[in-house]
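Please read these numbers as outputs of a predicted model, since none were measured by experiment. Proteins come first, then strands; the chains are lettered A, B, ... in the order of their sequence lines, and each starts at number 1.
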Amino acid sequence: MAQQEDNLLKKIISHAKEYGFIFPSSEIYDGLAAAYDYGQNGVELKNNIKAYWWKAMVQLHENIVGIDASIFMHPTTWKASGHVDAFNDPMIDNKDSKKRYRADVLIEDHIAKIEAKIAKEVSKAAKRFGDSFDKDQFVATNQRVLGYSEQIDSINNQMKTAIESDNLSDLKTLIEELGIADPVSGSKNWTDVRQFNLMFSTELGSLAEGANKIYLRPETAQGIFVNFLNVQKSGRMKIPFGIAQIGKAFRNEIIARQFIFRMREFEQMEMQFFVKPGEEIEWYDRWKENRIKWHKILGLGEENYRFHDHLNLAHYANAACDIEFNFPMGFKELEGIHSRTDFDLKAHEEHSGKKLQFFDPQENKNYVPYVVETSIGLDRMFLAIMSASYVEETLEDGSERTVMKIPAALAPYKVAVLPLVKKDGLPEKAREIIDELKLDFNCQYDEKDAIGKRYRRQDAIGTPYAVTVDHQTLEDNTVTLRDRDSSNQERIDISTLRSRVSELVSITRLLKQL
RNA sequence: GCGGGAGUAGCUCAGCUGGUAGAGCGACAGCCUUCCAAGCUGUAGGUCGCGAGUUCGAACCUCGUCUCCCGCUCCA
């Protein structure tokens with residue numbers, strides 16, 4: 001089974017390349033790890049996904065508006081958001097077990113062991129002294145406990161100094177002096193401590209001396225938070241309201257793999273919804289429901305989705321879950337829905353000195369709104385659609401076809417117009433038809449090779465409908481409309497073609513179900 | 001970053017003990033053909049991932065390097 005799934009991912013990667021969906025970045029130079037380019041068909045699919053999301057969020061909600069914030073942001077943004085501290089981890093590897101640990105966590109675990117010793121002393125003493133036991137006094141006077149406490153303080157100080165001054169070799173020395181062993185193997189054979197900063201940085205300003213270090217945003221959310229007041233004031237928005245954004249984000253992942261699932265440059269579709277404090281859980285639940293519906297309407301299979309509730313919440317959240325999708329490599333995060341409390345806006349208030357509050361006329365008071373976030377990885381959504389759509393079918397006559405059953409509304413091309421043969425005026429008639437259709441739909445024209453082969457080509461890129469012009473067309477102005485998934489054909493009048501196709505492939509049809 | 005596997009035409013792969021680089025499919029042009037990868041003719045496309053070394057001679061042997069896949073790790 002696992003092997004089958006691996007094969008599926010491989011097949012999708014290979015199909016994506018062969019049919020112009022996704023190419024490895026700078027491939028002629030051997031590629032660049034974990035960077036991919038969207039090709040001629042990929043970009044169409046990607047744009048359609050964006051359109052479906054944007055319409056569902058912005059167009060359908062009168063209290064949600066969009067923005068497009070800059071990728072570069074003031075460096076203080078990332079101090080406020082916590083990324084400068086939290087995205088900066090000192091890591092150390094054990095050479096024997098090949099396990100990697102955060103150096104500070106190893107030291108903290110060691111401290112926890114000493115604390116456990118103190119606790120043991122305390123409980124022993126408590127037994128000895130019975131009811132007359134004064135814990136605070138014991139801790140303050142017992143020589144052994146005092147010794148442990150001193151150890152802890154000393155280790156903490158050394159660790160803090162080392163981390164704050166970015167002195168990684170001191171950190172390693174500390175680990176060695178404490179005799180910290182790999183919890184798995186017991187080995188003390190450590191590599192040097194290395195800093196992993198997940199944010200990409202660059203210099204702003206052309207002169208190196210005057211240059212300021214700035215970061216490529218590791219998430220799009222902060223662009224929304226810093227514009228909270230701008231949008232609220234200029235758009236006369238009233239709580240509850242949302243701000244949506246589609247844009248690139250960058251993370252220098254230690255390991256970026258699994259095709260476009262984890263890339264260092266990726267695109268997010270995020271919506272931050274600002275609510276009255278105390279109502280956030282109610283809205284969190286509503287957005288969970290709304291978002292899963294958005295996914296299921298696409299028809300990729302309801303069994304391919306599940307919620308995963310977070311038990312360990314991030315520092316800013318009071319509720320969080322993922323919508324997971326059944327990718328070829330198993331169920332993995334596709335979208336996150338987080339109740340971020342007022343953490344971000346408050347942090348930006350503190351760092352900027354600006355009030356980021358909403359005056360509630362009903363309550364007649366100001367407050368910092370709470371935030372419910374929905375954040376979906378566009379590239380992951382792309383992969384989800386590719387993997388759920390890829391089908392190898394054996395036909396009745398025993399031949400095989402590979403068909404991308406991409407939801408019609410998202411397919412790169414909506415219609416292929418095909419003259420049955422390349423003579424008798426059929427190509428001319430087909431051109432007439434496509435000239436009309438291309439005003440509304442992304443169309444393809446193809447007259448090369450036998451008709452069956454042309455159908456298969458369209459199947460491979462997921463074109464949901466094919467219009468075939470035959471000799472009867474010249475007589476009565478009718479064509480056949482072939483359905484990609486069933487291969488069934490219906491004969492319809494050319495004059496009804498546009499409305500018929502529109503009905504089948506429009507995003508509107510999906511939106512109505514939301 | 002560590003360990004394992006792999007890299008030859010657009011794709012799937014063959015290529016013997018080191019001796020001038022191959023097939024099928026696909027692509028392109030044309031012929032033929034009235035509905036699901038038919039047939040015929042022709043064409044294009046590879047310094048065998050890259051770089052060094054050994055050798056008279058390297059796709060093949062050695063070393064290095066890059067990229068991809070799997071596992072570990074990480075994942076706001």
Side-chain angles (χ1 to χ4, degrees), chain A residues 2-3 5-7 9-11 13-15 17-20 23-36 81-83 85-87 89 91-102 184 191-192 194 196 198-199 218-219 221-222 249 251-259 261-262 268 270 310 312-317 320 322 329 332-333 336 338 340 343-344 373 375 377 393 395-397 399-403 418-424 426 448-460 466 468-474 479-480 482 484 486-489 491:
Chain A
Q3 204 179 357
E5 285 165 354
D6 292 348
N7 287 342
L9 184 60
K10 276 184 186 164
K11 279 179 179 172
I13 293 169
S14 149
H15 191 87
K17 188 191 162 194
E18 191 167 3
Y19 289 94
F23 309 120
S25 165
S26 16
E27 197 187 8
I28 61 167
Y29 294 109
D30 282 335
L32 180 67
Y36 291 90
S81 68
H83 285 84
D85 299 325
F87 252 25
D89 297 330
M91 307 293 289
I92 190 166
D93 289 4
N94 186 279
K95 288 179 187 167
D96 296 320
S97 68
K98 309 295 180 200
K99 296 270 181 194
R100 168 170 297 163
Y101 300 93
R102 276 178 57 172
V184 176
T191 63
D192 287 342
R194 280 160 301 188
F196 286 90
L198 259 51
M199 281 199 291
E219 65 174 23
Q222 299 305 326
R251 286 182 202 170
N252 200 358
E253 300 279 356
I254 301 164
I255 296 171
R257 251 198 243 142
Q258 283 166 326
F259 197 34
F261 185 81
R262 177 166 290 122
Q268 294 183 306
E270 286 200 334
H310 289 200
N312 296 327
L313 295 171
H315 55 277
Y316 55 75
D322 297 334
M329 57 282 186
K332 299 264 186 177
E333 179 184 354
H338 301 154
R340 293 179 77 128
F343 176 88
D344 299 278
E373 163 191 86
S375 171
E393 280 182 352
L395 304 176
E396 283 173 14
D397 64 359
S399 67
E400 288 192 357
R401 72 162 182 167
T402 301
V403 49
L418 316 169
L420 187 58
V421 290
K422 202 169 37 176
K423 60 177 187 183
D424 304 335
L426 298 188
K448 174 73 183 163
D449 294 317
I451 190 72
K453 195 178 235 177
R454 284 179 272 162
Y455 288 144
R456 299 299 165 85
R457 276 204 280 262
Q458 296 302 326
D459 289 342
T468 307
V469 174
D470 56 17
H471 290 90
Q472 193 183 329
T473 308
L474 300 178
V479 291
T480 59
R482 171 193 184 262
R484 173 195 66 200
S486 64
S487 296
N488 290 338
Q489 288 176 298
R491 184 163 278 277

Answer yes or no: is there an ion pair linking A/Asp459 with A/Arg454, defined by an N-O contact shorter than 4.0 Å?
-> no
Would A/Asp449 and A/Lys422 pass as an ion pair if we require N to O under 4.0 Å?
-> no
Between the main-chain N or O of A/Ala466 and the side-chain N or O of A/Arg482, is there a donor-acceptor pair closer than 3.5 Å?
-> no
Is a donor on one side and an acceptor on the other found under 3.5 Å between the side chain of A/Asp424 and the backbone of A/Leu426?
-> no
Roughly, in whole Å, what's the span from [atom1] in [X] to [atom2] in [N]?
X        : N     : atom1 : atom2 : answer
A/Arg251 : B/C74 : CZ    : C1'   : 12 Å
A/Lys17  : B/A27 : NZ    : C1'   : 14 Å
A/Ile13  : B/C70 : CD1   : C1'   : 12 Å
A/Met329 : B/C75 : CE    : C1'   : 13 Å
A/Gln268 : B/A76 : CD    : P     : 12 Å
A/Asn252 : B/A76 : CG    : C1'   : 16 Å
A/Glu18  : B/G24 : CD    : P     : 17 Å
A/Phe23  : B/C68 : CZ    : P     : 17 Å

May I ask you to check whether A/Phe23 and A/Tyr36 place their ring centres under 6.0 Å from each other?
-> no
Whole-angstrom distance between B/U43 and B/A9, as gauged at atom C1' | 15 Å
Looking across every strand, which nucleic acid part, if any, lies under 4.0 Å from A/Ala35 by heavy atom: base, sugar-phosphate, or nothing?
-> nothing
Identify whether any heavy atom of A/Phe259 sits under 4.0 Å from a base atom; if not, whether one sits that close to sugar-phosphate; answer base, sugar-phosphate or nothing.
-> sugar-phosphate
Return yes if the base of B/A76 and the side-chain atoms of A/His338 contain a donor-acceptor N/O pair under 3.5 Å, otherwise no.
-> no
side-chain contact (heavy atoms from CB on, under 4.5 Å) partners of A/Lys448, counting only residues at least two apart = A/Asp446, A/Arg457
Under the side-chain hydrogen bond (donor to acceptor under 3.5 Å, both in side chains) criterion, do A/Tyr455 and A/Thr468 qualify, and how do the steps go?
-> CA-CA 10 Å; A/Tyr455 288 144; A/Thr468 307; 2.6 Å; yes
Pairs under 3.5 Å (Watson-Crick or G-U), crossing ones as [ ], inter-strand ones as |: RNA chain B comes out as (((((((..((((.....[..)))).(((((.......))))).....(((((..]....))))))))))))....
Here the pair of heavy atoms bringing A/Ser375 nearest to A/Gln268 is OG-NE2, 3.8 Å
Determine the minimum heavy-atom distance between A/Glu270 and A/Ala221, stating which atoms define it.
-> OE1-N, 2.7 Å
Per-nt protein contacts along nucleotides 33-48 of chain B (heavy atom under 4.0 Å; B base, S backbone sugar-phosphate only, - none) come out as BSBBBS----------
